[in-house]
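One structure below.
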Amino acid sequence: GEDVEQSLFLSVREGDSSVINCTYTDSSSTYLYWYKQEPGAGLQLLTYIFSNMDMKQDQRLTVLLNKKDKHLSLRIADTQTGDSAIYFCAERSRGTYKYIFGTGTRLKVLA
Amino acid sequence: DGGITQSPKYLFRKEGQNVTLSCEQNLNHDAMYWYRQDPGQGLRLIYYSQIVNDFQKGDIAEGYSVSREKKESFPLTVTSAQKNPTAFYLCASTTGGGVNNSPLHFGNGTRLTVT
């Protein structure tokens, strides 16, 4: 069945790069999303990629997709304390209404 | 500004009482969703609606009910049949899940505490 997995925690120093990883199981055409959640708030869309792409860059964010391994990563360059949050990976198969979310990775940025 | 409004932000109820969580959007989105979030478990789908007057059960619909009488509104009722109702509830919407990219847009959530 469909499943999205993420590691639970990541800790980095301010100014370093953060890499948050995600694996998914759907083998059909898929949209993959990254969301950020700050404490007590909803989810904010950061970026997305379609499964026919390998990479997408948006300012400090770089998304890499390895279709063979069904592995998705989000790299945050020059990580700041304001980047501390929970990051969710999600997938949606094309033509469906269902979005599958991972458990979220809690990123802690140390000053 | 367009967006999704969930109210109230915090809600307290006694066990055995039904409670309704509000979700309103002015994004002109067709599809709306309700998710439940518990620590360490990510988001679990309760109900979703692709269009007015139509909705489908998600993965954990037992003990919940919804209605979709207007495009802008998708209220969620947590009934007394829901065994563990204390959680953070998130409402989301999108232009149409089956079409192109259409990411979900989220409200700021309602934290429900039942004692």
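Owing to the predicted nature of the structure, the values given are computational and were not obtained by experimental measurement. So you know, we letter chains A, B, ... as the sequences are listed, proteins then strands, and number each from 1. Both backbone and side-chain heavy atoms feed into the values below; hydrogens, waters and symmetry mates do not.
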For [X], does the [atom1] atom sit with more than 12 other heavy atoms under 6.0 Å from it, leaving out its own atoms?
| X | atom1 | answer |
| --- | --- | --- |
| K67(A) | NZ | yes |
| E62(B) | CD | no |
| R106(A) | CZ | no |
| I51(B) | CD1 | no |

Shared ILVMFWY cluster between [X] and [Y], side chains joined below 4.5 angstrom?
| X | Y | answer |
| --- | --- | --- |
| L112(B) | L90(B) | no |
| L76(B) | V52(B) | no |
| W34(A) | F106(B) | yes |
| I76(A) | L43(A) | yes |
| I4(B) | Y89(B) | no |

Verdict with reasoning, Y99(A) to Y35(B), per ring pair (Phe, Tyr, Trp, His ring centres under 6.0 Å):
CA-CA 11 Å; Y99(A) 297 73; Y35(B) 286 91; 7.8 Å; no

Any side-chain heavy-atom pair of [X] and [Y] under 4.5 Å:
| X | Y | value |
| --- | --- | --- |
| R92(A) | P103(B) | no |
| F88(B) | Q37(A) | yes |
| L104(B) | F101(A) | yes |

Is it true that a side-chain atom of K9(B) and a backbone atom of G40(A) form a donor plus acceptor pair closer than 3.5 Å?
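Side chain of K9(B) to backbone of G40(A), a donor-acceptor pair under 3.5 Å: yes, one is there.
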
Where on Q37(B) is there a heavy atom nearer than 4.5 Å to chain A: the side chain, the backbone, both, or neither?
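Just its side chain gets close to chain A.
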
Minimal non-hydrogen separation, F88(A) against G42(B), with atom names
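In this case the closest contact between F88(A) and G42(B) is CE2-CA, 3.9 Å.
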
Yes or no on side-chain contact (heavy atoms from CB on, under 4.5 Å) for L43(B) and Y35(A), after CA distance, side-chain angles and deciding distance?
CA-CA 12 Å; L43(B) 275 66; Y35(A) 287 87; over 6 Å; no

Quick check on the structure: residues of residues 47-65 of chain A within a heavy-atom distance below 4.5 Å of chain B, by number.
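If one takes a 4.5 Å heavy-atom cut-off, the residues of residues 47-65 of chain A near chain B are Y48(A).
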
Need one label for L45(A): side chain, backbone, both or neither, based on atoms under 4.5 Å from any heavy atom in chain B.
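The side chain, not the backbone.
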
